[in-house]
2 protein chains.
Amino acid sequence: MRFSSQREAILSYIRGVQSHPTALDIHASVKKSFPSLSLGTVYRNLNQLLEHHLITAIKQDEVVHYDGNISDHQHFRCKNCDSIIDLEFPVRDIVLEHGPRFGHEIHAYELYMTGICKNCKNETK
Amino acid sequence: MRFSSQREAILSYIRGVQSHPTALDIHASVKKSFPSLSLGTVYRNLNQLLEHHLITAIKQDEVVHYDGNISDHQHFRCKNCDSIIDLEFPVRDIVLEHGPRFGHEIHAYELYMTGICKNCKNETK
DNA sequence: TCATAAACAGTAATTATTCCTACTTATCAA
DNA sequence: TTGATAAGTAGGAATAATTACTGTTTATGA
Ligand SMILES: [Mn+2]
Ligand SMILES: [Mn+2]
Ligand SMILES: [Zn+2]
Ligand SMILES: [Zn+2]
């Protein structure tokens, strides 16, 4: 995999935010420093970065969100403000403990939660 | 919510299979008894049934899969044969145990796993 | 420096899903 | 039983995210 300046800019943008941006978000932001950046380039790079496990994708929403934090963590989406928040649950433990008994080879897992976030809960009070 | 014969046929089809069918699968099957059934009707009914919590949706794939089994269970998708298999993990327990400390109101959760299923693993041997 | 594979921008195509419109049907009160 | 009405339907158009295609540019390493 080559490292074009566009690819570098996309990766460093994703790594620099906490917000789990979409392809459109990424395009809008990186376009500021690369005015000619096309959306197709964003998608192509996101797929490349995914293949090389430099980023991960969150697909539960209608739109795919991308995450530069590849550590083992889970996601919570607020139904009110739509933000996606990192949480840490011991999912690995229960997958390792209960997984084997089903006989399948589990390569990856993902716990996704939805509800109302702390902030939104307090604001409506 | 009224219960048209189309709606009833769609629901009973979803309830009668283990396969987590897509809208297209459902349309193809129910069309056999309702030749004029339109795909739009399938989607409209699926969304109605979802709102009334009579079915659930699995959105991790590119295509939405539907599930007539609304009991608390998890899903595993085989990367080889693409089948979606029901599994039971004590996810509820860890969400109840670890959830509250983050301060968000968790309404729903979903553990989704991918890998190679038992059958495909044995076939390639 | 040069050859070449990879990446790029721009645009067209694809595809799942939703929306729209005119018509049909179930429900319920008169 | 009959209308009025709200919900449902079929069929087709529209939407929107993502991917594919094409001709041009660029990174890389011999
Ligand atoms: Mn994250
Ligand atoms: Mn299931
Ligand atoms: Zn919120
Ligand atoms: Zn399989």
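Below, chains carry the letters A, B, ... as their sequence lines are ordered, and counting in each starts from 1. The model shown is predicted, which means the values in this text are computed figures rather than measured ones. Basis for what follows: all heavy atoms, side chains included, without hydrogens, waters or symmetry-related copies.
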Rounded interatomic separation in angstrom, taking [atom1] from [X] and [atom2] from [N]:
X       : N      : atom1 : atom2 : result
B:His27 : C:dT17 : NE2   : C1'   : 14 Å
B:Asp25 : C:dT15 : CG    : P     : 16 Å
A:Leu50 : D:dT18 : CG    : C1'   : 13 Å
B:Leu49 : D:dG8  : CG    : P     : 10 Å
B:Glu62 : C:dT14 : CD    : P     : 18 Å
A:Glu8  : D:dT26 : CD    : P     : 17 Å
A:Ile26 : D:dA17 : CD1   : C1'   : 14 Å

message: The test is side chain to side chain donor-acceptor pair (under 3.5 Å); show your working for A:Ser12 and A:Arg15 and say whether it passes.
response: CA-CA 5 Å; A:Ser12 91; A:Arg15 284 184 168 160; over 6 Å; no
query: Can you tell if the side chain of B:Asp25 reaches within under 4.5 Å of the side chain of B:Ser19, non-hydrogen atoms only?
result: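 B:Asp25 vs B:Ser19: side chains apart.
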field: Pairwise side-chain contact, B:Leu87 with A:His104, heavy-atom cut-off 4.5 Å (strictly under)
entry: yes
query: Are the side chain of B:His65 and the backbone N or O of B:Pro21 linked by a donor-acceptor pair below 3.5 Å?
result: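 Answer holds: no.
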- request: For residues A:Phe102 and B:Phe89, establish whether the separation of their ring centroids is below 6.0 Å.
  value: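 For A:Phe102 and B:Phe89, the ring centres are under 6.0 Å apart.
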- prompt: Between the side chains of A:His20 and A:Asp86, is a donor N or O closer than 3.5 angstrom to an acceptor N or O?
  reply: yes
query: Reading nucleotides 5-11 of chain C from the 5' end, what letters show protein touch, with B for base, S for backbone sugar-phosphate only, - for no heavy atom under 4.0 Å?
result: BBSBBB-
message: Please tell me whether A:Phe34 and A:Ile10 are part of a single hydrophobic cluster in this structure, the criterion being side-chain heavy atoms less than 4.5 Å apart.
response: yes
query: Does the pair B:Leu11 and B:Leu49 meet the rule for a side-chain contact (heavy atoms from CB on, under 4.5 Å), with working shown?
result: CA-CA 8 Å; B:Leu11 179 55; B:Leu49 295 169; 4.2 Å; yes
task: For DNA chain C, list all stems, counting runs of three or more consecutive pairs where every pair is Watson-Crick or G-U wobble with both distances under 3.5 Å.
output: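 When the pairs of DNA chain C are grouped into runs of at least three, the stems are C:1-30 with D:1-30.
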statement: Rounded to the nearest 0.5 angstrom, the CG-CZ distance for B:Asn45 and B:Arg7 is 4.5 Å
- prompt: Looking at B:Tyr43, does any N or O in its side chain come under 4.0 Å of the phosphate oxygens OP1/OP2 on C:dT18?
  reply: no
